[in-house]
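Residue numbers run from 1 in the order of the sequence given.
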Amino acid sequence: MRSILKDRNRSGKEGAVAEAEDTINRRARGLDRAFEILDFLRLQRQPLRPNEIAQGIGAPRSSVYELVNLLIRQGIIEYCGDDGRVFLGRKLYFLGAAYAEQFDLMRESEHLLARIAEETRETAQMCQLEGNKYAVVLMNEGSRPFRISTNIGEPVAIPWTASGRLLVDHMSDEEILAFIPQEDFVLPDGTRLEPSEFIAQVRNAKKEGYFTFNSIVDSFTHCFAVPVYDAEAICIATLCLVAPKEDGLRNRDAYLRVLIKGAGELSEKLGYRNDHAASVRTASGG
């Protein structure tokens with residue numbers, strides 16, 4: 001009898017543990033799906049109906065409707081108009097403002113980009129990785145009548161960008177190939193950048209401390225990118241300039257000096273200590 005009771009107690013405990021684990025897993029999946037909804041709205045940049053969101057992320061409509069209602073109750077998303085469309089809510093703005101206040105890199109970068117844009121008259125950007133893509137995080141447009149801008153937060157294939165050569169420079173060749181989707185090596189004009197050539201550019205950019213090239217995305221701009229390093233000597237962001245091609249080539253050295261100085265300041269504030277920045281400044285004529 002005691003043996004039977006022990007078996008029942010053990011079975012009951014195991015069942016309770018399994019039920020608790022199942023609850024945790026379901027909540028985790030729901031949380032993942034909620035963030036997927038928010039990311040999809042962010043990327044679409046327009047209000048959508050729940051069924052459009054479900055179709056866009058490939059999720060069951062019932063679960064999307066349930067999560068949308070939950071997010072609305074929490075103020076994370078809001079109704080836009082009378083046709084059931086929803087978009088990101090004001091609470092996200094408040095959360096983002098609190099994040100920006102506490103995150104030194106964001107705050108310091110805002111001031112620095114304003115200074116760089118004023119000194120060069122060109123569009124200045126701070127860029128980072130977004131998953132396995134590149135994204136502009138902050139931007140300050142230059143004072144030229146002809147302005148160059150991009151969508152903040154829009155994911156772009158890493159090999160298409162100057163910053164991409166720096167943001168993955170801490171990875172091994174194998175890690176880079178596993179990290180970047182193979183289709184992202186196909187450039188906007190349909191040609192393919194050989195991964196081996198990209199990796200060679202990554203290694204050279206690491207050695208030089210910057211990367212510049214005529215934009216792959218458009219035909220009239222020249223792009224500059226300089227790494228911002230953290231205390232572990234990992235490039236966590238880049239400072240960039242996007243200039244009309246002729247002006248970028250004519251002012252190349254001057255623009256690099258401005259970017260390298262700013263990136264060095266940010267890196268030092270993040271705890272980066274290395275003579276690499278000094279050697280880069282010397283190599284670029286700074």
Side-chain angles (χ1 to χ4, degrees), residues 32 35-36 39 42-43 103-106 108-109 112 125-139 150-188 191-217 222-242 256 259-260 262-281 283-284:
D32 287 341
F35 279 112
E36 193 175 0
D39 257 344
R42 175 179 68 88
L43 295 175
F103 191 34
D104 289 343
L105 179 60
M106 298 289 286
E108 295 293 337
S109 294
L112 189 55
Q125 301 172 339
M126 191 271 276
C127 308
Q128 293 183 298
L129 291 178
E130 174 70 18
N132 61 359
K133 306 291 182 182
Y134 148 102
V136 176
V137 179
L138 295 171
M139 180 173 64
T150 190
N151 291 329
I152 292 178
E154 180 177 353
V156 177
I158 291 172
W160 296 11
T161 69
S163 293
R165 274 75 177 169
L166 298 165
L167 291 167
V168 298
D169 68 11
H170 61 287
M171 300 180 185
S172 68
D173 294 1
E174 294 75 16
E175 288 172 334
I176 290 174
L177 294 176
F179 182 67
I180 299 176
Q182 283 299 305
E183 59 268 22
D184 285 2
F185 288 102
V186 178
L187 304 179
T191 62
R192 177 177 170 80
L193 174 64
E194 287 301 320
S196 59
E197 181 181 351
F198 174 78
I199 290 174
Q201 293 171 351
V202 170
R203 302 308 172 209
N204 189 61
K206 174 73 171 180
K207 178 180 177 181
E208 296 291 334
Y210 57 83
F211 190 81
T212 75
F213 72 165
N214 291 328
S215 174
I216 292 175
V217 178
H222 193 79
C223 302
F224 301 78
V226 172
V228 175
Y229 290 110
D230 66 8
E232 303 299 322
I234 292 176
C235 177
I236 61 168
T238 58
L239 293 185
C240 310
L241 277 178
V242 184
L256 277 174
L259 284 176
I260 289 170
E265 293 174 7
L266 279 182
S267 297
E268 289 179 8
K269 290 178 180 179
L270 289 167
Y272 177 67
R273 295 289 183 271
N274 199 294
D275 60 0
H276 178 65
S279 65
V280 169
R281 283 193 289 272
S284 65

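Summarising the local packing, CZ of F35 is surrounded by 12 or fewer heavy atoms from other residues, nucleotides or ligands at distances under 6.0 Å. Heavy-atom neighbours of E232 CD from other residues, nucleotides or ligands within 6.0 Å: at or below the threshold of 12.
Residues L129 and I158 meet the side-chain proximity criterion, which asks for heavy atoms closer than 4.5 Å. In this structure, T238 and F211 have side chains that are not in contact, with every pair of non-hydrogen atoms separated by 4.5 Å or more. When side chains are defined from C-beta on, V156 does not count as touching V136, because their heavy atoms never get closer than 4.5 Å. Inter-residue side-chain proximity for K206 and P227 is flagged as unmet; no heavy-atom pair is nearer than 4.5 Å. Using a 4.5 Å cut-off on side-chain heavy atoms (C-beta onward), M126 and L239 make contact. For the pair Y210/L259, no side-chain contact is recorded, criterion being any heavy-atom separation below 4.5 Å from C-beta on. Residues I180 and P159 meet the side-chain proximity criterion, which asks for heavy atoms closer than 4.5 Å. Here the side chains of F213 and Q201 are not in contact, with every heavy-atom distance at 4.5 Å or above.
Not counting sequence neighbours, the partners of F224 by the ring pair (Phe, Tyr, Trp, His ring centres under 6.0 Å) test are H222, Y255. D39 meets the side-chain contact (heavy atoms from CB on, under 4.5 Å) test with R42; sequence neighbours excluded.
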Practice task
Dump the intermediate steps for side-chain contact (heavy atoms from CB on, under 4.5 Å) on C223 and T161, then the final yes or no.
Solution key: CA-CA 8 Å; C223 302; T161 69; over 6 Å; no
